[in-house]
Structure formats: structure tokens, C-alpha cells
Amino acid sequence: MSLRINDTIPDLTVETDQGTVTLHEFVGDHWAILFSHPKDFTPVCTTEFGAVAQLADEWAKRDTKVLGISVDGVEDHKKWKTDIEKVGGAKAGFPIVADTDLSLSKAFDMLPAEAYLPDGRTPADSATVRSVFIIGPDKKLKLSMTYPMTVGRNFAEVLRALDGLQTSAGQGVATPANWNVGDDVIIPTSVSDADAKAKYGEFKTVLPYLRTTKLSD
């Protein structure tokens, strides 16, 4: 069964290069991002995890924990981090799940239930395990993105999406296309004009169902 937006994520217990982790306990009262990869020591994935390492301060600023996922084992993860840190030029302080039995990949619907890893496998055997999941403090899935093996993920967009989710959750608004922090936001249609003025102050009516406002700092 697919994991959909606003579903509670499964509370799996998994092994990582930093020890045993229970997903709900890992998230705790924070936001969390799960980044999955089909195999260690692959070129695109190494650059991506390098980018994740570079953004350690940005994750911390947003009270967001990062958890990597790959279907290789713990010892491979530890060795791979040397390459990740060389490429990214930053310490890879986040844990990486050793999803060798595919339990997490299947629970998050990245692989079909009957999937298995053949002997002598290549990344193509687990190619769909290239996803981003953003989880809220309520342990619910807020956003997911899946990429092909040939296209590296844009981490500026991951940060932008995280900012949008946190702004929406904290301020009760929506964000328009190409929104960035500081841009105007959208007032929900469920809020009357009078309530919108009381809550947000001045706003602009672009269409009867599209009203925008600037949030105060």
C-alpha cells in the first residue's frame, strides 16, 4: 500500500552506521528528511550526499534531522562516507540506514513487496530507491519526490520546499509557485476577508479565490 501525504510513517527499527534507530524516536519533536539511494559508491549519489553534508547548518537552522538510506551494509556506509566528505568538503554527520533487507524501501513504497536483491546486483536493481521524504514533527509524511538515477537532486529546492512546509504549518497559509522566504503568501479560501484582515493585516485580492499577503518578520 502506498505511503501518501499526511499518512503516519511506519515506526520501523533500522540499523545505521551510527547504531540502531527507531524512526519515530529519531524524528522526535523535529522535522526530518529521509534521503534514499540505490547503492553506495555511485557517482550521482555521492555528490548528493556531499551536498547534504554541506548543508548541515541549514538543516540545524530549520530544526530538521537528516537520515540517509541505502540498501548496502553498515561497513560499506562507513567507507562511503570518506568519499562523501571528500566530494562535499564537509563532515557527513548524519546516519545512513543499512536497508539490506529492503524493509524501509518497501514500507515507503520505493520498491514492490516482492522485490529482492539478486547476487551481483547493480544499482539498476534498486533504481527506484532514489527519493526524498519530508516528515513533520507529527510523524506524518508532508512531501515526497522521486528522481531517476541520472538526475541529481536540487537541494536548493529541497530547502525551499521545507521552508514552504514550515511556513504553511506555522502561519496557516499556502505558498505560490516559485515562492521563497520573504515572498508574499496565499491566504486560504476558508478564511473570510474580515478574518484575513484581522489576522494578516493588508492583503491583495488577485482573484476572488486568490488573495496574497506579506507575513510580518
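The first residue in the sequence is number 1, and the count goes up from there.
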Would a distance-only check, ignoring hydrogens and angles, find a side-chain to backbone donor-acceptor pair under 3.5 Å from D195 to K199? no
Please report the closest heavy-atom contact between A53 and A92, naming both atoms and the distance. CB-CA, 4.0 Å
Does a donor on one side chain and an acceptor on the other come within less than 3.5 Å for D83 and T46? no
Name every donor-acceptor pair, under 3.5 Å, that has one atom in a side chain of residues 164-175 and the other anywhere in the protein, sequence neighbours excluded.
residue : atom : partner : partner atom : Å
Q166    : NE2  : R62     : O            : 2.9
T167    : OG1  : D163    : O            : 2.8
S168    : OG   : V173    : O            : 2.8

Restricting to non-hydrogen atoms, name the atom on I134 and the atom on L162 that form the minimum distance, rounded to 0.1 Å. CG2-CD1, 4.0 Å
Check ring pair (Phe, Tyr, Trp, His ring centres under 6.0 Å) between F26 and all other residues, then give those that pass, not counting sequence neighbours. none
Can you confirm whether D72 sits close enough to T100 that some side-chain heavy atom of one is under 4.5 Å from a side-chain heavy atom of the other? no
Nearest 0.5 angstrom please: T205 OG1 to R211 CZ, how far? 7.0 Å
Treat each ILVMFWY residue as a node, draw an edge where side-chain heavy atoms are under 4.5 Å apart, and state whether L141 and L34 are in one component. yes
Give the minimum heavy-atom separation between L143 and A161, together with the two atoms involved. CD1-CB, 3.8 Å
With a 4.5 Å cut-off on side-chain heavy atoms, are I186 and W179 touching? no
With a 4.5 Å limit on heavy-atom distance, are the side chains of I135 and I33 in contact? no
D40 with K79: basic N within carboxylate O range, under 4.0 Å: no
So, K139 side chain and L23 main chain: donor-acceptor pair closer than 3.5 Å or not? no
Can you label the angle between the W80 ring and the H37 ring as parallel, tilted or perpendicular, going by 30° and 60°? perpendicular
Within a strict 4.5 Å, meaning less than it, do heavy atoms of the F203 and D184 side chains meet? no
Within one Ile-Leu-Val-Met-Phe-Trp-Tyr cluster: I96 and F41, side-chain cutoff 4.5 Å: yes
To the closest 0.5 Å, what do you measure between CD1 (I9) and CG (L104)? 8.5 Å
Taking the side chain as C-beta and beyond, is there a heavy-atom pair between W59 and F94 under 4.5 Å? no
Please name all residues satisfying side-chain contact (heavy atoms from CB on, under 4.5 Å) with A98, sequence neighbours left out, ordered by chain then number. V74, H77
Using the rule that two of Ile, Leu, Val, Met, Phe, Trp, Tyr join whenever any of their side-chain heavy atoms come within less than 4.5 Å, decide whether Y147 and V66 are in one cluster. yes
Would the distance check show the side chain of K65 and the main-chain N or O of W31 forming a donor-acceptor pair, the cut-off being under 3.5 Å? no
Once rounded to the nearest 0.5 Å, what's the spacing between atom OG1 of T213 and atom CD1 of I187? 5.0 Å
Ring pair (Phe, Tyr, Trp, His ring centres under 6.0 Å): pairs with one or both residues in residues 153-175, sequence neighbours excluded: F35-F155
Taking atom NZ of K91 and atom CD1 of I84, what is their separation to the nearest 0.5 Å? 11.5 Å
Which pairs with one or both residues in residues 42-56 pass salt bridge (charged side-chain N to carboxylate O under 4.0 Å, His left out), sequence neighbours excluded? E48-R130, E48-R153
Are V44 and M149 grouped together when hydrophobic residues (ILVMFWY) are joined by side-chain heavy atoms under 4.5 angstrom apart? no
Determine which pairs satisfy salt bridge (charged side-chain N to carboxylate O under 4.0 Å, His left out) with at least one residue from residues 11-36, sequence neighbours left out, and list them in order. D17-K81
Note, V185 side chain near K214 side chain (heavy atom, < 4.5 Å): no
Minimum heavy-atom distance V27-P137, with the two atoms named: CG1-CA, 4.4 Å
Between Y209 and Y200, is there a shared hydrophobic cluster once you connect ILVMFWY residues whose side-chain heavy atoms come closer than 4.5 Å? no
Donor-acceptor pair, distance only, cut-off 3.5 Å: does the side chain of T16 make one with the backbone of Q18? yes
Taking the side chain as every heavy atom from C-beta outward, state whether M110 and S36 have any pair of such atoms under 4.5 Å apart. yes
Drop me the distance from T64's OG1 to L55's CG, to the nearest 0.5 angstrom. 11.5 Å
Taking every heavy atom of P38 against every heavy atom of V71, the minimum-distance pair comes out as O-CG2, 3.2 Å
Got T22 and L12 here, is their nearest side-chain heavy-atom distance under 4.5 Å? no
Atom pair CZ/CG of R160 and N178 - distance to nearest 0.5 Å: 6.5 Å
In terms of heavy-atom contacts, T42 and K39 come closest through OG1-O, 2.9 Å
So S144 and V132, side chain to side chain contact (heavy atoms under 4.5 Å, CB included) or not? Walk me through it. CA-CA 5 Å; S144 63; V132 177; over 6 Å; no
